[in-house]
S.K.: 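Following this message is one structure expressed as C-alpha cells.
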Number of protein chains: 2
Amino acid sequence: MEEQLSERGKRILEAVIEDYITTAEPVGSRTITRSHALALSPATVRNVMSDLEEMGLLTSPHTSAGRIPTDKAYRLYVNSILEAKQNLTAGKREEIRRHCRMAGKDPAQVLKEASRLLSTTSSYMGVVMAPRMAANVFHQMEFVKLSSHRILAILVSQNGTVQNRLLETEEEIPQEDLVRMANYLNGMLQGLTIAQVRERLLAELQSEKVRYDSLMAKAIALSEQTIRTDSTEIFLEGQANILDQPEFADAAKMREIFRAFEKKSLLLDLLDRSMQAEGVQIFIGSESPLLKVEGMSLVTSTYLTGKDTVGVLGVIGPTRMGYGRVIPIVDYTAKLISRLLETE
Amino acid sequence: MEEQLSERGKRILEAVIEDYITTAEPVGSRTITRSHALALSPATVRNVMSDLEEMGLLTSPHTSAGRIPTDKAYRLYVNSILEAKQNLTAGKREEIRRHCRMAGKDPAQVLKEASRLLSTTSSYMGVVMAPRMAANVFHQMEFVKLSSHRILAILVSQNGTVQNRLLETEEEIPQEDLVRMANYLNGMLQGLTIAQVRERLLAELQSEKVRYDSLMAKAIALSEQTIRTDSTEIFLEGQANILDQPEFADAAKMREIFRAFEKKSLLLDLLDRSMQAEGVQIFIGSESPLLKVEGMSLVTSTYLTGKDTVGVLGVIGPTRMGYGRVIPIVDYTAKLISRLLETE
DNA sequence: TTTAGCACTCGAACTTTTTGAGTGCTAAAC
DNA sequence: GTTTAGCACTCAAAAAGTTCGAGTGCTAAA
C-alpha cells in the first residue's frame with residue numbers, strides 16, 4: 001500500500017486486468033508473459049504480482065489459482081492507466097450514428113432509443129435517466145373534449161415532451177370554455193419552468209381574483225391535476241445482455257440482479273449522485289451499495305440541452321467490464337443525445 | 001388412446017397434474033395415495049397410471065422416476081376437468097381492483113399497468129397487446145409550433161390515445177396557418193377510423209382540389225407523416241418472475257427464454273391468433289412454436305371497447321402453470337380493462 | 001536482480017459407490 | 001374380476017474417492 005507503484009508494476013497490473021476482462025478467469029503468471037510480450041519470466045512476474053497483492057490490488061480466490069483484480073485496481077486502472085485510450089474509432093462512431101434513427105421522435109422516444117443503443121453497442125445494460133419534468137419549460141396546454149364528462153389535458157413542453165392526462169369532470173364544460181381556459185393558462189404560464197408553473201398554480205388557487213371567476217378556478221384546478229405527477233423516468237434496456245456474462249451464469253445470482261434492478265429507486269439514487277459532476281463518471285463495485293453486492297460497475301455521463309445539465313445516461317455491466325471500450329461509447333452517446341435534444 | 005377415460009382415471013390424472021403443478025417434481029404412486037385421499041393402494045394407482053401413459057397423457061423421464069403430465073394431459077385438464085373451478089374469490093377480485101389505480105391514465109398507461117397487474121397477481125409474465133392504432137377513431141389533430149422550423153403534431157383518438165411526432169419543416173409556417181390546417185383536417189377526418197384517415201389522406205394528396213391549395217397540400221403531407229407509424233405495441237411485464245420457476249433454474253434455459261421474448265414478432269403472431277376467438281383461450285406448450293421449445297403456456301383473453309374486440313391480454317408461464325388460478329385472473333382482468341377503456 | 005527448478009496446494013473434472021424413490025410383475029386376497 | 005401385498009429391478013442423484021494440472025512460493029544458481 002505505502003510503496004508507490006513502479007512502472008513495471010503498472011504494466012503488469014494492466015496486463016492482469018485486461019486479460020481478466022477478456023477471459024473472466026483468474027490470470028496466472030504464465031499467461032501474462034505469453035500474451036503481453038514483457039521480457040520477463042513467469043517467476044519475476046510472480047514476484048511482482050505478490051507485491052501487487054500486498055498493496056491490495058490483486059487477490060486470488062485460492063492458493064493455487066491465478067489472480068483477479070480488486071475494485072481498487074479497477075479504480076486505479078480507469079483513473080491513471082486508461083487515460084490515453086479514450087477516443088472512439090470512426091467506424092464505431094458511424095455505427096452508433098447509424099443505429100440511431102431519431103427523426104421525428106419526441107424526447108421520451110429519443111431517450112429510450114438511446115438506452116437501447118447503449119446496450120447494444122456496449123453489450124451490457126443501457127440506462128438513461130430522463131430530465132426531470134420540473135426542469136422543462138412550459139410551452140402550451142390544451143384541453144380536448146372527448147365526451148361530455150371526459151377531458152384530455154395535454155401539456156407540451158418547449159422541448160417537445162408531451163404529457164397527457166384524462167380528467168373526469170362533474171359537470172359538462174362547453175368547448176368554448178375549454179378554449180378560453182387554455183388561452184388564459186397559456187398566457188399566464190408562457191416560458192415558466194414546470195416547477196415554477198406548479199408554484200404559480202398553487203398561488204393562483206389561493207388568490208382573490210380567481211375565487212370570483214369560477215371558470216378560471218376550474219382551469220387552474222384541472223391544470224394542477226395534470227401537472228401533479230413527477231416521477232423521474234428511467235429507461236433500462238438490454239437486461240438480457242448480462243445473461244451472457246459468465247460471472248452471472250448461476251441462476252441465483254441472476255435472479256438477484258434482476259430483482260435488484262426491478263425496483264429502480266436505488267438506481268435512481270446512484271444516477272442522481274452522478275449528476276452532481278459533469279461529464280463521464282465511473283462507479284466501481286464496492287463504491288456503491290447497489291453495485292457492490294452484484295459485482296457490477298456503472299459508467300455514466302451527463303447530457304445537456306443547451307447549457308444545462310438535464311439528465312444522465314450510462315452503461316451498467318460487470319465490474320470486469322471493458323472500460324476502455326465503454327467509456328468512449330458513453331461519452332459519445334451523451335454528446336449525441338445532447339445535440340439531438342437541442343431546442344434550437 | 002382409443003379407450004375412453006374412466007372416472008377414476010380422470011381423478012388420478014387430476015391428482016398427478018395438481019401435484020406436479022405445485023412441486024414441479026415427477027409424481028409417484030405413493031405420493032398420490034397420501035395427498036389425495038383416494039381409497040386406493042399405490043399398486044392400483046400404478047396400474048391406472050400405466051394406462052394413462054399408454055393413452056399418451058403421462059410420461060416418465062426415466063424408468064425409476066414418477067410421472068409427469070404431457071401437454072395433451074394439460075389440454076384435457078383445462079378443457080374438461082377444470083371447468084367448475086373458474087370463479088375468482090371476492091378477496092382476489094378486491095386485490096386486483098385495489099392494485100389498479102387507473103384514474104387519469106390514458107389507454108397506453110392503463111394497458112401497461114394491466115400487464116404489470118397480470119404479472120404480479122399471477123406471479124408469471126403478464127402480456128398485453130394494445131389495440132391496433134388503425135382501429136382507433138380519429139378525434140382531433142393539433143399542430144404545435146415549438147420553434148421556427150419544428151412542429152409537434154399531436155393526434156388524439158376518441159378513446160384518449162395520444163400519438164405525437166416532431167416534424168421539421170423546410171420553410172417556416174405561421175401560427176395561424178397551422179390552426180387553419182388543423183381545422184381543415186379536423187373537419188375532414190372527424191369520426192373516421194385511423195385506417196380510413198390514412199386512405200383518405202392518400203386519396204386527397206392526389207386530388208385536383210388540393211393541388212392548387214398549397215397550404216392544404218402541406219397540411220395533408222404533415223398529417224400523413226404523423227399517422228404513418230403503425231407498430232402494434234406489446235407490453236410484457238414481470239419477466240423476472242419466471243426466474244423463480246424451478247424448471248428454468250439453469251442459466252442456458254433462462255437465456256433462451258429471454259432471447260425468445262426479446263423479439264416480439266413471434267409473440268405477436270400468437271396473440272393475433274388468439275384474437276380470432278372471443279374470450280379466454282389457452283395455448284399449451286407444443287400447440288405453438290414459440291412456446292414449444294421453452295415449455296411455456298399462454299392464457300389469453302380478448303378485451304373490448306364497447307362491443308368490438310380490440311385487443312388481447314394474458315399470462316405466460318411454464319406449461320406447469322396453475323391454470324385454475326390463472327384463468328379467472330385473466331378473465332377478470334380482461335373484463336376490468338374493457339370497462340376502463342369504455343369511451344362512454 | 002532475474003530466473004530455473006521443484007515441492008506443494010487445491011479446485012475442477014472424472015469415476016466409483018451408495019442410496020432410495022419408484023416401477024412392473026406375480027401371486028394371493030377380497 | 002379387482003385390488004393389493006411383496007419383491008426384484010432400475011436408474012438418477014448424491015456422496016465419496018481419484019486424478020489432473022494450473023498455479024504458487026521458495027530456494028539456489030546465473
Side-chain angles (χ1 to χ4, degrees), chain A residues 3-13 15-17 19-20 22-70 246-247 249-251, chain B residues 3-13 15-17 19-20 22-70 246-247 249-251:
Chain A
E3 206 188 333
Q4 202 49 25
L5 198 54
S6 69
E7 190 50 41
R8 195 169 67 179
K10 254 188 192 171
R11 288 196 53 197
I12 288 177
L13 182 61
V16 173
I17 292 176
D19 267 27
Y20 186 65
T22 59
T23 65
E25 297 288 323
V27 185
S29 49
R30 286 294 293 266
T31 329
I32 284 181
T33 55
R34 247 173 309 173
S35 58
H36 285 263
L38 306 167
L40 292 171
S41 75
T44 314
V45 172
R46 274 208 290 284
N47 290 330
V48 179
M49 282 168 93
S50 185
D51 296 346
L52 292 171
E53 186 161 8
E54 195 99 343
M55 294 186 230
L57 294 169
L58 296 178
T59 33
S60 37
H62 58 269
T63 356
S64 72
R67 288 181 168 94
I68 61 177
T70 63
E247 48 260 75
D250 91 291
Chain B
E3 205 188 334
Q4 201 52 25
L5 198 54
S6 70
E7 190 50 41
R8 195 171 66 179
K10 255 188 192 172
R11 287 197 52 198
I12 288 178
L13 181 60
V16 173
I17 291 177
D19 267 27
Y20 187 64
T22 60
T23 66
E25 297 288 322
V27 185
S29 50
R30 288 292 294 264
T31 329
I32 284 181
T33 54
R34 250 174 307 173
S35 60
H36 285 263
L38 306 168
L40 292 171
S41 75
T44 314
V45 172
R46 274 208 290 283
N47 288 331
V48 179
M49 283 168 92
S50 185
D51 296 347
L52 292 171
E53 185 161 9
E54 195 99 342
M55 294 186 229
L57 294 170
L58 296 178
T59 34
S60 36
H62 59 269
T63 354
S64 72
R67 288 183 167 93
I68 61 177
T70 63
E247 48 261 76
D250 91 289

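Computed from heavy atoms alone, side chains included, the values below leave out hydrogens, waters and symmetry copies.
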S.K.: Output the distance between atom CG (A/N47) and atom CG (A/D51), rounded to the nearest 0.5 Å.
M.R.: 7.0 Å
S.K.: Can you tell me if the side-chain N/O atoms of A/R8 get under 4.0 Å from OP1 or OP2 in C/dT2?
M.R.: yes
S.K.: Closest to the A/H62 side chain: C/dG24, D/dT4, C/dC10?
M.R.: C/dC10
S.K.: Quickly work out the A/N47 CG to D/dT24 C1' distance and round it to whole Å.
M.R.: 11 Å
S.K.: For C/dG11, which nucleotide is its Watson-Crick or G-U wobble mate, given both distances must be under 3.5 Å?
M.R.: D/dC20
S.K.: Given D/dA5, D/dT24, C/dT23, identify the nucleotide with an atom nearest to the side chain of B/S29.
M.R.: C/dT23
S.K.: Between C/dG24, D/dT24, D/dT10, which nucleotide has the shortest distance from any of its atoms to the side chain of B/E53?
M.R.: C/dG24
S.K.: Within the pair B/R30 and C/dT23, is there a side-chain N or O less than 4.0 Å away from OP1 or OP2?
M.R.: no
S.K.: Does the side chain of A/T44 get closer than 4.0 angstrom to OP1 or OP2 of C/dT3 through an N or O atom?
M.R.: yes
S.K.: Over how many whole Å does the gap from A/M49 atom CE to C/dT2 atom C1' extend?
M.R.: 17 Å
S.K.: Remember a base hit wins even if backbone is also touched, and classify B/S60 as base, sugar-phosphate or nothing at under 4.0 Å, heavy atoms.
M.R.: nothing
S.K.: Under a 3.5 Å limit for both distances, which nucleotide forms a Watson-Crick or G-U wobble pair with D/dA28, could you say?
M.R.: C/dT3
S.K.: In whole angstrom, what separates A/L38's CG from C/dT3's P?
M.R.: 11 Å
S.K.: At under 4.0 Å, does any side-chain N or O of B/S64 touch on OP1 or OP2 of D/dT10?
M.R.: no
S.K.: Just how far, in rounded Å, is C1' of C/dG11 from CD of A/E25?
M.R.: 12 Å
S.K.: Any non-hydrogen side-chain atom of A/H36 less than 4.5 Å from a side-chain atom of A/D19?
M.R.: yes
S.K.: Both B/T63 and B/R46 contact DNA chain D. Taking the nearest nucleotide for each, which residue is further toward the 5' end?
M.R.: B/R46
S.K.: Please pick, from D/dT4, C/dG22, D/dG25, the nucleotide with the shortest atom-to-atom distance to any side-chain atom of A/R67.
M.R.: D/dG25
S.K.: In whole Å, what is the span from the CG atom of B/L40 to the C1' atom of D/dT2?
M.R.: 11 Å
S.K.: Measure from CG on A/L52 to C1' on D/dT24 and round the result to the nearest Å.
M.R.: 15 Å
S.K.: Could you give the CG-to-P distance, from B/D51 to D/dT3, as a whole number of Å?
M.R.: 11 Å
S.K.: Under the 3.5 angstrom rule, does the side chain of B/S29 hit a backbone N or O of B/V45 as a donor-acceptor pair?
M.R.: no
S.K.: Can you check the B/R34 CZ to C/dG22 P distance for me, whole Å?
M.R.: 8 Å
S.K.: Short question: side chain of B/S60, backbone of B/G66 - any donor-acceptor pair under 3.5 Å?
M.R.: no
S.K.: Working note: A/L5 + A/L52, criterion side chain to side chain contact (heavy atoms under 4.5 Å, CB included); need CA distance, chi angles, decisive distance, verdict.
M.R.: CA-CA 8 Å; A/L5 198 54; A/L52 292 171; 3.5 Å; yes
